[in-house]
Amino acid sequence: MNLPPLHRAAALGLLAALGLGGVAGCSSADSAPRTAEVRKSSPDISPAPSGTASATSTSTSTDIGWVQLMTPMNQQAVKLLTLAAERAADPRVRAFAVRLRTGHEAELNRLRPLLTRMGLPLTDVHAGHDMPGMVTEQDLEAAHAAEGPALDLLVLARIRDHLRQSAQVSRSEITAGGRADARELARALVTAREGFLAGLERLPGAVRALG
C-alpha cells in the first residue's frame, strides 16, 4: 500500500513500537478470522485537519497510531458492554459490563480531547477494519442474535480479547510514545485493564468456559 508520508510514518512507528516488523494492524472486515497477529494492510492514519498545527510537531508516530486505535476500540467495546449490561443472563456479568462500560466511557472523555490537542480528526480511521481486540459489527450482530449463557460467553470472550490487546498496545505507547499526556493516559489504561481482566477471570465459570 502506497501511504502518504505522514500516514506511513505513523503506521510504521506504531508497528515498530509493537515489535511487529513489517506487518500492520488492521484488515478489512471480511478477512480471515482474527488471530493474535496483525494483518497485512497498514492502518489508515489520518493527517491533521486543515488549519491545525501538524500532529507530528509535538507527537510521535506511535502517539498518533495509539490514540487513533484506542479511541475506536473503546467506542466499539462500549456498544457490546451496553448490550451485555441489558441482556446478559448472569447478573454478575451484567454488573461487570456496567462497571467496564463506565470505565471505558471515562477513558473516552480523555482520549477524544487528546485527539483534539494533537490536531487529529475525531473520525474513526479504522472503520470497517477487523483488528485484534476490536469489537466488530459482526460481533455486535452475533451478540444481538445470542441469548442466555451463549450471549454471556460471547461477550466475555470478545471483551477479554479487547482488554488484552488494548493493554498490549498501550504498553507500547508507554515505552515508545513521545507525548507525556498520551503516556500518562496509556498507563492508566493498562492499570484499568489489568484490574478488569482479573475481575473477569473471577466470574464463575469464566476461566473454564473461555479456556
Do V135 and M73 touch side chain to side chain, with heavy atoms closer than 4.5 Å? no
D90: salt bridge (charged side-chain N to carboxylate O under 4.0 Å, His left out) partners, not counting sequence neighbours: R92
If you measure from CZ on F196 to CG on L100, what distance do you get to the nearest 0.5 Å? 5.0 Å
Say you draw a straight line from CD1 of I64 to CG of L69; how long is it, rounded to the nearest 0.5 Å? 13.5 Å
Sequence neighbours excluded - salt bridge (Lys or Arg N to Asp or Glu O under 4.0 Å) pairs with any residue from residues 95-110: E107-R193
Run through the side-chain heavy atoms of Ile, Leu, Val, Met, Phe, Trp and Tyr, join any pair under 4.5 Å, and report what else lands in V98's cluster. none
Smallest separation among heavy atoms of D63 and A182, with atom names: OD1-CB, 4.0 Å
Taking C-beta and beyond as the side chain, do Q76 and L140 meet within less than 4.5 Å on heavy atoms? yes
Starting at CZ of F96, measure out to CG of L203 and round the result to the nearest 0.5 Å. 6.0 Å
Trace of the side chain to side chain donor-acceptor pair (under 3.5 Å) decision for S170 with W66: CA-CA 7 Å; S170 295; W66 175 75; 3.1 Å; yes
May I have all residue pairs that pass salt bridge (Lys or Arg N to Asp or Glu O under 4.0 Å) and include part of residues 71-85, sequence neighbours excluded? K79-E137
Least distance between heavy atoms, L111 atom then V67 atom: O-CG2, 3.9 Å
Side chain to side chain contact (heavy atoms under 4.5 Å, CB included) against I174, all qualifying residues, sequence neighbours excluded: A186, R187, V190
Acceptor/donor pairs from residues 141-148 side chains to any protein atom, 3.5 angstrom cut, sequence neighbours excluded:
none

Closest non-hydrogen atom pair, R158 against L80: CB-CD2, 3.7 Å
Do V155 and D152 have side chains that get closer than 4.5 Å, going by heavy atoms? no
Which residues satisfy the side chain to side chain donor-acceptor pair (under 3.5 Å) test with E194, sequence neighbours excluded? R171
Look at the side chain of T71 and the backbone N and O of Q68, then say whether any donor-acceptor pair between them is shorter than 3.5 Å. no
Residues at least two apart in sequence or cross-chain that pass side chain to side chain contact (heavy atoms under 4.5 Å, CB included) with A97, listed by chain then number, are L81, A84, A85
Side chains of P132 and Q168: does their closest heavy-atom pair fall under 4.5 Å? no
If you look at every heavy atom in R94 and A89, which pair is closest and at what distance? NH1-O, 3.4 Å
Check side chain to side chain contact (heavy atoms under 4.5 Å, CB included) between R117 and all other residues, then give those that pass, not counting sequence neighbours. P113, L114, R179, D181
Distance in Å, L115 CG paired with L122 CG, rounded so as to fall on 0.5 Å steps: 6.0 Å
What's the shortest heavy-atom distance between D139 and M134, and which atoms? OD2-O, 3.8 Å
Nearest-0.5 Å distance, CG of residue L189 to CE of residue M70: 4.5 Å
Could you give all pairs that pass the ring-ring contact (aromatic ring centres under 6.0 Å, His included) test and reach residues 152-177, with sequence neighbours left out? H104-H162
